[in-house]
Undergrad: 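Just passing along the structure, written as C-alpha cells.
All values below come from the heavy atoms of this structure, side chains included, with hydrogens, waters and symmetry mates left out. Numbers here are sequence positions counted from 1.
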Amino acid sequence: MTKEYKSITFTIQVTPKQGGPGSIVHWLLEYEKISEEVAHPETLLQFCVEMSKGIDEYLLTEEVEIAPSVAF
C-alpha cells in the first residue's frame, strides 16, 4: 500500500442501536493516491468486513470493558 498511496486512514464509529441489542458500525477510509493511475482501494472493503467480523466475535465471546473512544 505504501507504494500506491501517500496516506491511508481508517476511522471506525460504533453507535449502540436504539431500542435493542447491538450496534451500528460505520467505517471511513480516507486515502491519497500517489498518482491518478493508481486504482481506488476497493480491495480494502473485504478487509473491513473481515475486521468487523473479528471484532464482533471477540466482543460476543469475551467480557470486554469498552472505552467511549478508541484510537488506532
Undergrad: Can you name the nearest heavy-atom pair linking S23 to P16, along with the distance?
TA: OG-CA, 3.7 Å

Undergrad: Where do M51 and F10 land on the side chain to side chain contact (heavy atoms under 4.5 Å, CB included) test, with the steps shown first?
TA: CA-CA 12 Å; M51 183 65 76; F10 290 91; over 6 Å; no

Undergrad: If you look at every heavy atom in A39 and Y5, which pair is closest and at what distance?
TA: O-OH, 2.8 Å

Undergrad: May I ask whether Y58 and V25 are part of the same hydrophobic cluster, defined by side-chain heavy atoms of I, L, V, M, F, W, Y residues being less than 4.5 angstrom apart, directly or through others?
TA: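 As far as the 4.5 Å side-chain criterion goes, V25 and Y58 are connected within one cluster.
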
Undergrad: Does Y31 belong to the same Ile/Leu/Val/Met/Phe/Trp/Tyr cluster as L45, with side-chain heavy atoms less than 4.5 Å apart forming each link?
TA: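 No, because Y31 and L45 fall into different hydrophobic clusters, even though each may have its own neighbours under 4.5 Å.
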
Undergrad: Which heavy atom of E50 sits nearest to which heavy atom of Q46, and what is that distance?
TA: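 E50 and Q46 have their closest heavy atoms at OE2-NE2, 2.7 Å.
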
Undergrad: With sequence neighbours left out, write down each residue that passes side chain to side chain contact (heavy atoms under 4.5 Å, CB included) with S35, or none if nothing qualifies.
TA: E37, V38

Undergrad: Given side chain to side chain contact (heavy atoms under 4.5 Å, CB included), test I8 with L44 step by step and report yes or no.
TA: CA-CA 11 Å; I8 190 160; L44 292 177; 3.3 Å; yes

Undergrad: Can you confirm whether P41 sits close enough to L29 that some side-chain heavy atom of one is under 4.5 Å from a side-chain heavy atom of the other?
TA: yes

